[in-house]
Amino acid sequence: MAVKLALTWVANLVAASVMVWLVDRVGAATFTGGAAVGLVTGAGLAATGLAVAYTWENKPIQLYLVDAGYHVAGLTLLGGILAAWH
């Protein structure tokens, strides 16, 4: 369990670092601007990547919607918080 928690923490730290870079490069300085960057990142990268995997793994669409929605919502919130905080 400790290894899984540590790997999750590292993965989230990497995601947050990349989002800081993206928000900075785009010049988003408000919560709304950062949330837009996060939404585009989540929908354009995370959701599409999961779509490819779920297509080949024959997983149910409902499971895809839950998993992709989790990532899109998380990245949207992350982008908004980082832009407002930065």
Side-chain angles (χ1 to χ4, degrees):
M1 183 65 135
V3 172
K4 289 180 181 181
L5 288 171
L7 289 173
T8 299
W9 186 83
V10 169
N12 284 325
L13 182 63
V14 170
S17 299
V18 170
M19 185 61 71
V20 165
W21 182 82
L22 285 172
V23 165
D24 204 33
R25 292 289 292 165
V26 170
T30 64
F31 180 88
T32 305
V37 173
L39 178 64
V40 169
T41 303
L45 298 176
T48 56
L50 284 172
V52 171
Y54 276 55
T55 297
W56 289 100
E57 294 171 1
N58 294 318
K59 290 185 177 179
I61 187 73
Q62 294 86 355
L63 182 59
Y64 165 75
L65 294 173
V66 169
D67 286 345
Y70 170 81
H71 289 291
V72 171
L75 288 169
T76 300
L77 188 58
L78 177 63
I81 290 171
L82 291 174
W85 183 22
H86 196 271

* To do: Taking the side chain as every heavy atom from C-beta outward, state whether V72 and L39 have any pair of such atoms under 4.5 Å apart.
  => yes

* Examine distances only and state if a side-chain atom of Y64 and a backbone atom of G69 form a donor-acceptor pair shorter than 3.5 Å. => no

* What are the two closest heavy atoms between G34 and A28, and how far apart are they? -> N-CB, 3.6 Å

* Asked: Linking I/L/V/M/F/W/Y whenever their side-chain heavy atoms sit closer than 4.5 Å, directly or via other members, would W85 and V37 fall into one cluster?
  -> yes

* To do: Quick one: pull up CE in M19 and CG in D24 and give me the separation to the nearest 0.5 Å.
  => 13.0 Å

* What about V26 and V20, same hydrophobic cluster or not, with Ile/Leu/Val/Met/Phe/Trp/Tyr joined at side-chain heavy-atom distances under 4.5 Å? -> yes

* Could you tell me whether a side-chain N or O of N12 sits under 3.5 Å from a main-chain N or O of T8, the two making a donor and an acceptor? => yes

* Closest contact, heavy atoms only, L77 versus F31 -> CD1-CZ, 4.1 Å

* Asked: Is there side-chain contact between T48 and V52, with heavy atoms separated by less than 4.5 Å?
  -> no

* Structure fact -> Smallest heavy-atom separation, L75 atom then A46 atom, equals CD1-CB, 4.1 Å

* To do: Please check if I61 and L63 belong to a single hydrophobic cluster, counting links between Ile, Leu, Val, Met, Phe, Trp and Tyr side chain heavy atoms closer than 4.5 Å.
  => yes

* Structure fact -> The reported gap from NZ in K59 to CG in L50 (rounded to nearest 0.5 angstrom) is 8.5 Å

* Asked: Taking C-beta and beyond as the side chain, do W21 and L82 meet within less than 4.5 Å on heavy atoms?
  -> no

* Asked: Do V18 and L78 share a hydrophobic cluster, counting only Ile, Leu, Val, Met, Phe, Trp and Tyr and linking them when any side-chain heavy atoms are less than 4.5 Å apart?
  -> yes

* To do: Taking all non-hydrogen atoms of both residues into account, name the closest pair between V23 and G79 and its distance.
  => CG2-O, 4.1 Å

